[in-house]
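This report concerns only the one structure given below.
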Amino acid sequence: MTFSDALLPYGPFAPHYVARQYVENYFALHQTDTLLQTNTAVEDVARSPATKHNGQGEWKLTLRRYDAARQVDEWWEEFFDAVILANGHYAVPYVPKVNGLEQYMEKYPGRVCHSKRYRSPKLYTGQRVLVIGNSVSGRELSDELVGVAKDSVLVSRRSPAFWEGDEPPPGIEWKPIVSEYKEDGTILFADGTALTGIDAIIYCTGYKPSFPFWNEEANGGPLFDYQSNKLVGSYQHVFFRDFPTLGAVGFPRTLTFRSFEYQAIALARLWSGRNARSLPSPQRQQQWEAERAERTQAQRKYFHDVPWGAETNDYLRELFNFAGLSTLAGDGLLPPPLTRKMVWEYEHVLKWKLPKGKGPHGGNDGLEEDTMMQLQLVVPKADPNSKAQGIHVEEGRGWVVVFQAEGTNSANAA
């Protein structure tokens, strides 16, 4: 996904360095790159709503930058009326606690790593590799390691991913979750089986958000609750009921850049006083947080996950209605529409070809009727008596495009 006013001229699955260049170019496109201050660490964020730091600003930021010429760190303070947290949450690797893992890592240094440190399959040539996790990183790494690693690549998974079929692909062997690491190098699994002779273990188990700059003492408490795995006191994953001049962009995992736009526009409207609707009372915001926490916990889902489908539609509509339109003079961006074309592309331009009967939302959680499009992901048998061949699947450049031949309709095709 890309920003609505600057499409990414690459393809739907760009490597990290392309995405980084895209973001840098985006600032230049809007001539805001002169306002950026890069290579600077935010060491402390402290709020003083009463004194506003002697009138300088509600938020005091302590900043640090390395001066290569003098080989010293420069420290200074700056003051701001508002702060947006957009530091991402794919920085601190998460490794689940497993019996004996710490002792195992001490005895076999370098054998266990996280996918954040993975760079090339060449480092694992001729090695027996165990990949922990089967989400996107686990899938990509295991695919790369097939044919490079020794024997089959072992993939430990808690549950099947939606793109997985009933059998593992060639070169992959599925294993259950690891229950214990023994000091003699043996790895025990939840089904009672054991594994020996492993050369490398790669954890593809995600990340934890981190806000090391947040001054808990000055700001009255932590920003993130690691027990419940959520921001403290947030509303719609963007606003903070205890901090009206603090916002977050990029937390819900849905539509990436497009949802970032919705969130940023909502905050800009609020702080410029041009929002179409008022925020609910702090009591209503707290009720939203409590109800969502109860619901997601019962569903065993992450608080800040917004699943694709009806919930995505509702979430973006809420931000859209809050922000409202731009002014008659054209001040302020308009939240980009969730078009039928975008919905279709999201659901049918896929990195991996899916097994029959599976889809990105399980087939039951589509968007509302006026934006929902459903097509099968299986090539139908050609009818020699028909000019229209129905659905066609084309594979190339590492992704799969499913489209409909001219003259057919989705109702008949599905």
Side-chain angles (χ1 to χ4, degrees), residues 16 89-208 226-227 229 253 300-302 305 350-358 362 398:
H16 67 90
H89 44 273
Y90 295 120
V92 179
Y94 167 69
V95 175
K97 186 176 181 180
V98 182
N99 291 335
L101 178 57
E102 292 185 17
Q103 295 84 346
Y104 186 92
M105 294 175 66
E106 290 177 0
K107 187 168 184 179
Y108 306 100
R111 183 177 292 185
V112 181
C113 73
H114 190 273
S115 59
K116 182 184 172 114
R117 304 299 177 190
Y118 177 90
R119 290 297 179 269
S120 170
K122 295 179 180 179
L123 297 176
Y124 303 92
T125 301
Q127 297 186 10
R128 292 192 72 201
V129 181
L130 171 64
V131 175
I132 309 291
N134 62 328
S135 191
V136 176
S137 295
R139 168 67 188 260
E140 291 182 337
L141 265 65
S142 58
D143 282 353
E144 285 193 0
L145 291 167
V146 170
V148 177
K150 181 181 179 181
D151 301 327
S152 295
V153 177
L154 305 171
V155 177
S156 170
R157 54 184 204 151
R158 184 179 298 275
S159 58
F162 72 79
W163 52 70
E164 292 177 336
D166 297 328
E167 299 292 335
I172 301 291
E173 180 182 341
W174 288 335
K175 300 292 290 184
I177 61 173
V178 175
S179 60
E180 185 178 0
Y181 290 91
K182 308 292 286 187
E183 289 191 13
D184 64 358
T186 302
I187 302 172
L188 303 181
F189 294 95
D191 63 353
T193 59
L195 184 68
T196 59
I198 284 295
D199 300 304
I201 302 170
I202 307 175
Y203 270 87
C204 302
T205 45
Y207 299 82
K208 285 289 186 180
Y226 287 95
Q227 292 296 321
N229 212 20
R253 303 174 184 179
R300 295 185 177 181
K301 293 182 178 179
Y302 180 47
D305 269 350
L350 309 172
K351 189 165 189 178
W352 300 300
K353 190 174 181 179
L354 303 185
K356 183 178 180 179
K358 293 194 174 184

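All figures in this text were calculated on a predicted structure; none of them were measured in a lab.
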Next on the checklist: With a 3.5 Å distance limit and no angle check, can you tell me whether S142 reaches the backbone of G138 through a side-chain donor-acceptor pair?
Outcome noted: yes

Give a yes or no on whether the backbone of T196 and the side-chain of R128 come within a donor-acceptor separation of less than 3.5 Å.
yes

Heavy-atom nearest pair, N99 first then S179, reads CB-O, 3.9 Å

Applying side-chain contact (heavy atoms from CB on, under 4.5 Å) to E102 and not counting sequence neighbours gives none

K208 atom NZ, over 12 foreign heavy atoms within 6.0 Å: yes

Margin query: For E183, is there any backbone N or O sitting under 3.5 Å from a side-chain donor or acceptor partner on Y108?
Written below: yes

dist E144:CD -> K122:NZ (nearest 0.5 Å) comes out at 11.0 Å

Scanning both residues in full, the closest heavy-atom pair of P176 with A190 reads CG-N, 4.3 Å

Review point. Is the closest side-chain heavy-atom distance between V146 and I172 below 4.5 Å?
Key: yes

Between E180 and V98, the two heavy atoms sitting closest are N-CG1, 3.9 Å

* To do: Kindly indicate whether the side chain of Y181, heavy atoms from C-beta on, has any atom under 4.5 Å from the side chain of I201.
  => yes

- prompt: Side chains of V129 and L154: closer than 4.5 Å at any heavy-atom pair?
  reply: no

Smallest heavy-atom separation, T193 atom then K175 atom, equals OG1-NZ, 3.7 Å

### Message
Is any side-chain heavy atom of I202 closer than 4.5 Å to one of L141?
### Response
yes

From the list S137, P96, S115, side-chain contact (heavy atoms from CB on, under 4.5 Å) partner of T205 resolves to P96

Check for me whether the distance between the ring centres of Y207 and Y94 falls short of 6.0 Å. no

Would you indicate whether the side-chain heavy atoms of I187 and L130 approach each other to under 4.5 Å?
yes

task: Find out whether Y203 and L101 are in side-chain contact, i.e. whether some heavy atom of one side chain is under 4.5 Å from a heavy atom of the other.
output: yes

_Looking at K116, I want to see if its NZ is surrounded by more than 12 non-hydrogen atoms of other residues, nucleotides or ligands under 6.0 Å._
yes

When R157, R139, E164 are each screened for side chain to side chain donor-acceptor pair (under 3.5 Å) with N134, the one that passes is E164

In this structure, OG1 of T125 is separated from NZ of K150 (nearest 0.5 Å) by 13.5 Å

Of all heavy-atom pairs linking N229 and Y302, the shortest is O-CE1, 2.9 Å

For A91 and P93 the tightest heavy-atom approach is O-CD, 3.3 Å

Self-check item: Any side-chain heavy-atom pair of V136 and W163 under 4.5 Å
Solution: yes

CG (D199) and CD (Q127) are apart, to the nearest 0.5 Å, by 5.0 Å

Residues passing the side-chain contact (heavy atoms from CB on, under 4.5 Å) test with H89, sequence neighbours excluded, are P209, F251, R253

| query | Within a strict 4.5 Å, meaning less than it, do heavy atoms of the L145 and Y118 side chains meet? | reply | yes

